[in-house]
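Below: the structure, in structure tokens.
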Amino acid sequence: MTDRGEDILQQRLAKLERIRERGIDPYPSRYCKTHTTQQAMALLDKDPDADNLTVSVAGRIIAKRGMGKITFLHIADSSGKLQALLKKNLLGEDKYAFFKDFDIGDFIGIDGRLFKTNTGETTVEASEITMLTKSLQPLPEKWHGLTDVEKRYRQRYLDLISNDDAQKIFKIRSKVITEMRRLLDERDFIEVSTPILNPTAGGASAKPFITHHNTLDRQLYLRIATELHLKRLIIGGLDRVYEIGPIFRNEGISTKHNPEFTSIESYEAYADYNDVMVNVENMISSIAQKVLGTTKTTYNDEVIDFAAPWKRIDLRQSLIEYGGIDVEDYLDTEGLRQKMRDLHIDVDNRMGRGNLIDKLLSTYVEPNLIQPTFLMDYPLEMSPLAKKKPDDPRFVERFEAFAGGMEIANAFTELNDPQDQRERFAQQLAMRQAGDEEAEMPDEDFLTALEYGMPPTGGLGVGIDRLVMLLTGQPSIREVILFPQLKSK
RNA sequence: GGACCGCUAGCUCAAUUUGGCAGAGCAACUGACUCUUAAUCAGUGUGUUCCGGGUUCGAGUCCCGGGCGGUUCACCA
């Protein structure tokens, strides 16, 4: 009870009581505002000579400067902030005294006339003030804001109140998704929703979350991709589909990984991965242009330019260029493994050729792909759902897009030969039985669907969180997810 | 999972090196102040120093164990 936080709470409760004693409801249901703070600001800018512009604005008190018979305030809403001036001689003795019980953090409504102060700041001179919501907890410090990272994530609302950048990031995130939808809708894609709870978790190599449905008494997996359902829709004759939504992977947490993240996957019939590549570079550069006003962004002190066309590099060539290794010189898996050991790369005996090559990529190539780059033509073993290259069946028509050293997109010409798909599932099952927990689970129902016939199709997946990291210059995925996964308190 | 760093008032941080009364700014409270904007000025109060043990006359500080967070490595399309 002697705790100071308790004291502040007690003081606020006393103020609340005094407000109620005046017969005033400190939590009224609504308030009729005529303008946002930004609109009010613009009103006077448009007509600087007007001295009779009256507005009703509402927001949270974020600063208070009392000077005896007058008080300056700043109130904030999601459009911005506006200064207010309260004068004792205008409001009257009683109302001005009433304001003593208002604190930083309270929501208030202000009616009044707009004018410019001596310093030129647009200000509303209050003729009436209304308590809209009494706040009982003190806000974070006004100058430094809230910097404690844990608190920022656990109490994101405080972060959003006190750090302008936090709001900015999530507004950009929203615009990125809106713009992505608009561009796809414009091209006659339709947006769909497919199940999150599934009897098998397919479409990617990742460990799933497992849950249980009581009534069905059945084990279900949270989806690790939307791929297999979206392809069923292509089979069903919806030629252009996409889905934006959460994906769940039961894997490590890092600055680039959150157990739940947002992906967009799109599938387009009669297209191949070359068509998809063009669409990706066009889509992302348009989004950057629309959302940031430029195709350039700064990430880790490097300027990244998303303007199309992006660099394209063959996977084998990339390893020659950045790692000095031609995997064609090591056609035998054991030989490649030995070569990698010689290079002091940590390899494990269970890793197949695909995994070994993947490891080489993440060691030598990916960190160097700062400017947007398509890495093309992946080894077959790494890509059980992608179509083989006609001229070299050891590789598939697949690309991943990288920027800032991070993978942001993955796409391929979809495998639509049901017999080939069945063999690939069998290979994956063998890898699974050999201890690879992330190998694809066979999906008999999907195979049946493929047997009905899927047209040639180009598919795409983009990690929206990572794209937003790049566009907002954030080094951690937690900065672009409102409520990132944390250890339990 | 490993390594490193951190956790002190509602918030931002000192005090830890060398164990010796736990401190400042903001926020809050009282008062002054009619153009301030990190308002200013005078005054007031504020603590489970993340938790639990241990060493010591004495621990925020040293030791052991635990929790949480950050970074990084491992892992991870």
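As the structure is a prediction and not an experimental result, all values here were calculated from the model. Just so it is clear, the values below take in all heavy atoms, side chains as well, and ignore hydrogens, waters and symmetry mates. Each chain gets a letter, A, B and so on, in the order its sequence line appears, and its residues count up from 1.
At whole-Å resolution of the value, NZ in A:K116 and C1' in B:rC35 are 15 Å apart. One can place CG of A:D159 at 11 Å from P of B:rU12, the figure rounded to the nearest angstrom. With rounding to whole Å, A:R12 atom CZ is found 12 Å from B:rC29 atom C1'. One atom, CZ of A:R154, and another, P of B:rC50, lie 16 Å apart when rounded to the nearest Å. As a whole-Å value, the separation of A:N163 CG from B:rU12 C1' is 12 Å. Look at CD on A:E141: it is 11 Å from P on B:rC11, rounded to the nearest Å. For the pair A:L136 CG and B:rA27 C1', the computed distance is 15 Å after rounding to whole Å. Rounded to whole angstrom, the span from the CD atom of A:Q11 across to the P atom of B:rG45 amounts to 14 Å.
Shown here is A:D275, whose CG atom has more than 12 heavy atoms of other residues, nucleotides or ligands within 6.0 Å. Heavy atoms from other residues, nucleotides or ligands lying under 6.0 Å from NZ of A:K116 number more than 12.
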Below 3.5 Å between N/O atoms, which protein atoms pair up with nucleotides 4-7 of chain B? Just atom names and distances, please.
none

Please list each protein N or O that sits under 3.5 Å from an N or O in nucleotides 30-33 of chain B, with the distance.
{"from": "B:rC33", "atom 1": "N3", "to": "A:G68", "atom 2": "N", "distance (Å)": "3.0"}
{"from": "B:rC33", "atom 1": "N4", "to": "A:G68", "atom 2": "N", "distance (Å)": "3.2"}

Polar-atom pairs under 3.5 Å, protein N or O versus N or O of nucleotides 73-75 of chain B: list them with distances, or write none.
{"from": "B:rC75", "atom 1": "OP1", "to": "A:K359", "atom 2": "NZ", "distance (Å)": "3.0"}
{"from": "B:rC75", "atom 1": "OP2", "to": "A:K359", "atom 2": "NZ", "distance (Å)": "3.1"}

Protein and nucleotides 22-24 of chain B: nitrogen or oxygen contacts under 3.5 angstrom:
none

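Look at the C1' atom in both B:rU48 and B:rC35: the space between them is 46 Å, to the nearest Å.
A:T37 and A:S79 share a donor-acceptor pair across their side chains, judged by distance under 3.5 Å alone. Under the 3.5 Å distance criterion, with hydrogens and angles disregarded, a donor-acceptor pair is assigned to the side chains of A:E479 and A:Y153. There is no side-chain donor-acceptor pair under 3.5 Å between A:E265 and A:H229.
Residues satisfying the salt bridge (Lys or Arg N to Asp or Glu O under 4.0 Å) criterion with A:R156, sequence neighbours excluded, are A:D159. Judged as a side-chain contact (heavy atoms from CB on, under 4.5 Å), and not counting sequence neighbours, the contacts of A:K339 are A:I325, A:Y330, A:L343. Under the rule for a side chain to side chain donor-acceptor pair (under 3.5 Å), A:T457 has no partner lying at least two apart in sequence or in another chain. A search for salt bridge (Lys or Arg N to Asp or Glu O under 4.0 Å) contacts involving A:K311 returns A:E321, not counting sequence neighbours. Taking the side-chain contact (heavy atoms from CB on, under 4.5 Å) definition, one finds that A:T413 meets it with A:D272, A:Y273, A:K387, A:E397, sequence neighbours left out. Take A:P442 and apply the side-chain contact (heavy atoms from CB on, under 4.5 Å) test, not counting sequence neighbours, and it matches A:F425, A:L429.
For A:T255, taking side-chain heavy atoms from C-beta onward, the closest of the listed nucleotides B:rU71, B:rU37, B:rA77 is B:rU71. Of the candidate nucleotides B:rU36, B:rU71, B:rU12, B:rU36 has the atom nearest to the side chain of A:T119. Checked against B:rU12, B:rC29, B:rC35, the side chain of A:D103 finds its nearest nucleotide in B:rC29.
The base of B:rA77 sits within donor-acceptor range of the side chain of A:R398, with an N or O pair under 3.5 Å. Residue-to-nucleotide contacts include a donor-acceptor pair under 3.5 Å from the side chain of A:N89 to the base of B:rU34.
Under the 30°/60° scheme for interplanar angles, the aromatic rings of A:F98 and A:F102 are found to stand perpendicular.
Cation-pi geometry between A:R398 and A:Y378 is met: the NZ or CZ atom falls under 6.0 Å from the ring centre, inside 45° of the normal.
One finds no side-chain N or O of A:R65 lying less than 4.0 angstrom from the OP1 or OP2 phosphate oxygen of B:rU36. The shortest distance between the side-chain N/O atoms of A:K142 and the OP1/OP2 oxygens of B:rA38 is not below 4.0 Å. Residue A:T147 places at least one side-chain N or O under 4.0 Å from the OP1 or OP2 atom of B:rC13. In terms of phosphate contacts, A:K151 brings no side-chain nitrogen or oxygen within less than 4.0 Å of OP1 or OP2 of B:rG69. In this structure, A:S205 reaches the B:rA77 phosphate: one of its side-chain N or O atoms is under 4.0 Å from OP1 or OP2. Proximity of A:R466 to the phosphate of B:rA77: no side-chain N or O atom is located under 4.0 Å from OP1 or OP2. At the phosphate of B:rC29, OP1 or OP2 sits under 4.0 Å from a side-chain N or O atom of A:K15.
Among the heavy atoms of the strands lying under 4.0 Å from A:F115 is at least one base atom, whether or not backbone atoms are also near.
A:R173 is listed as a side-chain neighbour of A:T262, based on a closest heavy-atom distance under 4.5 Å. You'll find the side chain of A:M131 stays beyond 4.5 Å of the side chain of A:F107, heavy atoms only.
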Revision key, fill the gap. Applying the Watson-Crick and G-U criteria (both distances under 3.5 angstrom) with [ ] for crossing and | for other-strand pairs, one obtains for RNA chain B (((((((..((((......[..)))).(((((.......))))).....(((((..]....))))))))))))....
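Partner A:Q317 forms a side-chain contact (heavy atoms from CB on, under 4.5 Å) with one of A:I320, A:L315, A:L319 and no other, that one being A:I320.
Within a heavy-atom distance below 4.0 Å of RNA chain B, the residues of residues 73-85 of chain A found are A:H74, A:Q83.
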